[in-house]
Amino acid sequence: MPTPLMSLPGGPAEPVAVPRAVPPRADGRLDLVGLDRAAIARALVESGLVEPRQARMRSGQIWHWIYNRGATDFAAMTDLAKPLREALAERFTVSRPEVVQAWVSADGTRKWLLRSAGEAYEAVFIPDADRGTLCVSSQVGCTLNCRFCHTGTMKLVRNLTAAEIVGQVLLARDALGEWPSAPDGRMLTNIVMMGMGEPLYNFDNVRDALRIVMDGEGLALSKRRITLSTSGVVPMMARAGAEIGVNLAVSLHAVTREVRDEIVPLNRKWGIPELLAACAAYPGANNARRITFEYVMLDGVNDSDADARELVRLIRQYRLPAKVNLIPFNPWPGSPYACSPDERIARFSALIFEGGISAPVRTPRGRDIMAACGQLKSASERLSRAELDRRAAAKEAAW
Ligand code: SAH
Ligand code: SF4
């Protein structure tokens, strides 16, 4: 089991090193999902089933089956000899997270409650006319306790493994019937690391998972179609740019220290000047690939004309190639804020546009199934383990 992350009293938690090793399965088989090609090749050789000189070729074939064809069964890998397929199945597995429950919103948004290694987490698919976006979780829960975010109220937190992160993409592809991986006409075209958790507090697993997702011979999503959202883990931002290279979104949400300290407590550690300087240095940010600033609209908290003007001033001061994404606050049971009225959001957006910066308002999606931004809090917290098991079993029986 990965080491759980602990919330430290009095401030945001430090990222805790989590063992990189894939947690051993009860049946002793090694899961190939989440390993890079070299690691698969090594595992094949170590198993004694594949000669070192054939390891590259065999791992390439297996990679293709897993990430291009969506195979979960070695028996399907027909370009491998039958005895090898049988031997592989005894030593290895190609896993999926278990689907505990799935929902479909009136607007077509889908949410999955998933479980692996005991804990539950969520993934959300948002279909649009010109794209389909999968919102992927990086952690079970989150240590950061932003005041407006449901996920931040979860007590239990652990990092997801690379297999669990990639697994969300594989599972969505299964559900959408999108195998083999086609270059054009896909439903799942974009990925946002905007589900549960802070991706830069689980850097290695997120990087490894996204590299697999971007691999041209597998899922083959371009880095331009992937966006990583951070609440502002400043020391990791340069590495994210250099080692992952996807689009960056930053949860800014406030333009003064007082307000940001209050609603995004991580600001007490790395303030707005440090955060914006890190954005200015983000590799690959230019006018064609702007940084997105996410800004949740909280009634009477961060939504004044002065806030909008200060936002424009800051973006100019740091010469940021930026756009702003205004997110109407999505309520959750017990949430301490209300969403700004529509006219206020429209005025806020107009002021930013007048400053020459694009500031569309994000349409809330999947609110009816609690799938909208900031509403994710896995039902694992509200349901007992027995109830989770019961629902998973009922789902299986229905198939
Ligand atoms: N932890 C990362 C990734 C989560 S992204 C981050 O914070 O950036 C989810 C986005 O939704 C973030 O911008 C987050 O601040 C925002 N959000 C959280 N709670 C929300 C809520 N209740 N309503 C609207 N947006 C919310
Ligand atoms: Fe964590 Fe992001 Fe929610 Fe803040 S907004 S608590 S960083 S998931």
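Order of appearance sets the numbers: ligands from 1, and atoms from 1 within every ligand. Scope of the values below: all heavy atoms of this structure, side chains included, with no hydrogens, waters or symmetry mates.
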- Task: May I ask you to list the atoms of ligand 1 that are less than 4.0 angstrom from any heavy atom of S231?
- Result: 6 (C), 7 (O), 8 (O)

- Environment of atom 3 (Fe) of ligand 2 in terms of protein N/O/S atoms, cut-off under 2.8 Å: C149 SG

- Item | P328: numbered ligand 1 atoms lying under 4.0 Å from its heavy atoms | 24 (C)

- Message: Give the atom numbers and elements of ligand 1 that come within less than 4.0 Å of a heavy atom of G197.
- Response: 1 (N), 2 (C), 3 (C)

- Item | Enumerated ligand 1 atoms positioned under 4.0 Å from heavy atoms of W332 | 22 (N)

- Message: Using a 4.0 Å cutoff against the non-hydrogen atoms of I327, which atoms of ligand 1 qualify?
- Response: 24 (C), 25 (N)

- Does Y201 use its side chain to pair, donor to acceptor, with the backbone of T143 at less than 3.5 Å? no

- When clusters are formed from ILVMFWY side-chain contacts under 4.5 Å, directly or step by step, what else is grouped with V192? M194

- Task: Check whether any side-chain heavy atom of Q168 lies under 4.5 Å from a side-chain heavy atom of Y121, and answer yes or no.
- Result: yes

- Query: Distance below 4.0 Å between atom 2 (Fe) of ligand 2 and any protein heavy atom?
  - Reply: no

- Task: Check each heavy atom of T230 against ligand 1 and say whether those closer than 4.0 Å belong to the side chain, the backbone, both or neither.
- Result: backbone

- Judged by heavy atoms only, the candidate from S251, A372, C373 nearest atom 12 (C) of ligand 1 is S251

- Message: By the ring pair (Phe, Tyr, Trp, His ring centres under 6.0 Å) test, which pairs, at least two apart or in different chains, include something from residues 161-184?
- Response: none

- Short N-O contact, R37 and D215, less than 4.0 angstrom: yes

- For atom 14 (C) of ligand 1, which candidate among R147, H253, M194 provides the closest heavy atom? H253

- Query: Is the number of heavy atoms from other residues, nucleotides or ligands within 6.0 Å of CZ (R257) greater than 12?
  - Reply: no

- Query: Which of the atoms in ligand 1, numbered in the order shown and given with their element, are less than 4.0 Å from a heavy-atom of N330?
  - Reply: 21 (C), 22 (N), 23 (N), 24 (C)

- Message: Test your reading of the structure: does F148 have an N or O sitting under 3.5 Å from an N or O of ligand 1?
- Response: yes

- Query: Tell me: protein heavy atom nearest atom 20 (C) of ligand 1, and distance?
  - Reply: G374 CA, 3.3 Å

- Salt-bridge present (D128, R365; N to O < 4.0 Å): yes

- Query: If only atom types and distance count, is the side chain of E198 paired as donor or acceptor with the main-chain N or O of L200 below 3.5 Å?
  - Reply: yes

- Task: Consider only side-chain heavy atoms of I, L, V, M, F, W and Y, link residues closer than 4.5 Å, and tell whether V45 and L49 are in one cluster.
- Result: no

- Of all residues at least two apart in sequence or in a different chain, which pass the ring pair (Phe, Tyr, Trp, His ring centres under 6.0 Å) check with F148? H253

- Name the closest protein heavy atom to atom 10 (C) of ligand 1, giving the residue it belongs to and the distance to 0.1 Å. E294 OE2, 3.7 Å

- Side chain or backbone of A249 under 4.0 Å from ligand 1, or both, or neither, by non-hydrogen atoms? neither

- Query: Under 4.0 Å from any heavy atom of E198, which atoms of ligand 1 are there?
  - Reply: 1 (N), 2 (C)

